[in-house]
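Notes follow the structure.
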Amino acid sequence: QVWLAESGGGSVQAGGSLSVSCVGSRFPRFAISNRCMAWFRQAPGKEREGVASIRSDGDSPYYADSVKGRFTISQDNAKNTLTLQMNDLKPDDTAMYYCAATRGAKSLCISRSDIDYWGQGAQVTVSS
């Protein structure tokens, strides 16, 4: 069962912008509201790391230091969609980006141990 379906990503030169989105399953229904939602990324040969999370009420976004000021996480509960807008991209941002969700309400979900559901991943490649 695919609970979170991702789209977006792609290739861009350094300094450019990209976005990735994920939508919760319609059948069976997987609502992203009332969950903590997050974006993680994994570069080749590296561990998966949390880059941004947003708590269950859609407030208080958290960002890893490496992306603070450049990435924006947002949630549209009416469209059941989570988005990560990425600006001023750097080659070090190259990775597979994963949408992630908790089973219930949480204020922060930036560690892998917090996560109960994963998307399939979307590739982001930044060239210098």
Side-chain angles (χ1 to χ4, degrees):
Q1 177 66 45
V2 177
W3 298 109
L4 297 165
E6 300 192 31
S7 60
S11 298
V12 70
Q13 289 191 325
S17 298
L18 288 171
S19 65
V20 286
S21 294
C22 78
V23 61
S25 169
R26 292 185 66 189
F27 304 107
R29 177 70 173 167
F30 186 94
I32 68 169
S33 58
N34 299 316
R35 304 178 191 273
C36 183
M37 300 295 299
W39 288 98
F40 284 68
R41 68 185 181 186
Q42 187 167 18
K46 294 188 177 181
E47 292 196 354
R48 193 172 296 189
E49 61 173 355
V51 296
S53 79
I54 191 165
R55 77 181 187 194
S56 309
D57 62 3
D59 203 355
S60 299
Y62 173 91
Y63 299 97
D65 287 343
S66 58
V67 306
K68 200 173 294 183
R70 301 187 297 121
F71 289 13
T72 302
I73 186 171
S74 61
Q75 182 172 335
D76 185 336
N77 289 336
K79 295 182 179 179
N80 208 30
T81 299
L82 181 77
T83 299
L84 184 70
Q85 176 65 41
M86 302 174 285
N87 298 328
D88 190 23
L89 282 160
K90 307 177 187 302
D92 284 349
D93 296 318
T94 295
M96 187 74 79
Y97 282 72
Y98 296 91
C99 177
T102 61
R103 185 170 288 114
K106 274 186 179 179
S107 59
L108 183 67
C109 52
I110 206 68
S111 298
R112 290 172 62 183
S113 59
D114 295 323
I115 303 303
D116 300 296
Y117 302 95
W118 295 94
Q120 80 281 8
Q123 180 67 39
V124 170
T125 302
V126 185
S127 58
S128 56

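The figures that follow rest on heavy atoms only: side chains count, while hydrogens, waters and symmetry mates do not. Starting from 1, each residue takes its place in the sequence as its number.
- A continuous path of Ile, Leu, Val, Met, Phe, Trp and Tyr side chains, each step under 4.5 Å between heavy atoms, connects I73 with V51, placing both in one hydrophobic cluster.
- Residue pairs meeting the ring-ring contact (aromatic ring centres under 6.0 Å, His included) criterion with at least one member in residues 39-64, sequence neighbours excluded, are F40-W118.
- Among all heavy-atom pairs drawn from V124 and G9, the shortest one is CG2-CA, 3.9 Å.
- Atom CG of N34 is surrounded by 12 or fewer heavy atoms from other residues, nucleotides or ligands within 6.0 Å.
- By the side-chain hydrogen bond (donor to acceptor under 3.5 Å, both in side chains) test, N80 pairs with no residue at all, sequence neighbours left out.
- For residues 43-54, the pairs satisfying side chain to side chain donor-acceptor pair (under 3.5 Å) are R41-E49, Q42-R48, with sequence neighbours left out.
- Taking every heavy atom of both residues into account, A38 and L82 meet most closely at O-CD2, 3.8 Å.
- A distance of 10.0 Å separates CG of L84 from SG of C99, quoted to the nearest 0.5 Å.
- Applying the side-chain hydrogen bond (donor to acceptor under 3.5 Å, both in side chains) criterion to Y98, with sequence neighbours excluded, gives no partner residue.
- Applying the side-chain contact (heavy atoms from CB on, under 4.5 Å) criterion to S127, with sequence neighbours excluded, gives Q13.
- Every pair passing side chain to side chain donor-acceptor pair (under 3.5 Å) that includes a residue from residues 16-29 is listed here, sequence neighbours excluded: S17-N87, S21-T83.
- Side-chain contact between P28 and Q1: present, with at least one pair of heavy atoms (C-beta onward) separated by less than 4.5 Å.
- Each salt bridge (Lys or Arg N to Asp or Glu O under 4.0 Å) pair with one or both residues in residues 99-110, not counting sequence neighbours, appears once here: R103-D116, K106-D114.
- D88 approaches D93 most closely through the heavy-atom pair O-OD2, 4.5 Å.
- Residues that satisfy the salt bridge (charged side-chain N to carboxylate O under 4.0 Å, His left out) test with K68, not counting sequence neighbours, are D65.
- Heavy atoms only, all atoms of each residue included: K79 and T81 are closest at O-OG1, 2.8 Å.
- Under the side-chain contact (heavy atoms from CB on, under 4.5 Å) criterion, V12 pairs with L18, L89, V126, not counting sequence neighbours.
- Sorted by first and then second residue, the ring-ring contact (aromatic ring centres under 6.0 Å, His included) pairs with a member in residues 69-90 form an empty list; sequence neighbours excluded.
- Here CG of L108 is found 11.5 Å from CD1 of I54. Values are rounded to the nearest 0.5 Å.
- The structure places CD1 of I32 at 6.5 Å from SG of C22, a figure rounded to the nearest 0.5 Å.
- With sequence neighbours excluded, the residues that form a side-chain hydrogen bond (donor to acceptor under 3.5 Å, both in side chains) with Q75 are N77.
- S111 places no side-chain N or O within donor-acceptor distance of the main-chain N or O of S113, the cut-off being under 3.5 Å.
- Residues meeting the side-chain contact (heavy atoms from CB on, under 4.5 Å) test with A101, sequence neighbours left out: L4, F30, R35, M37, Y117.
- Taking both residues in full, the closest heavy atoms of S128 and P91 are given as CB-CG, 3.9 Å, listed atom of the first, atom of the second, then distance.
- Here the CZ-OG distance, from R55 to S60, works out to 3.5 Å after rounding to the nearest 0.5 Å.
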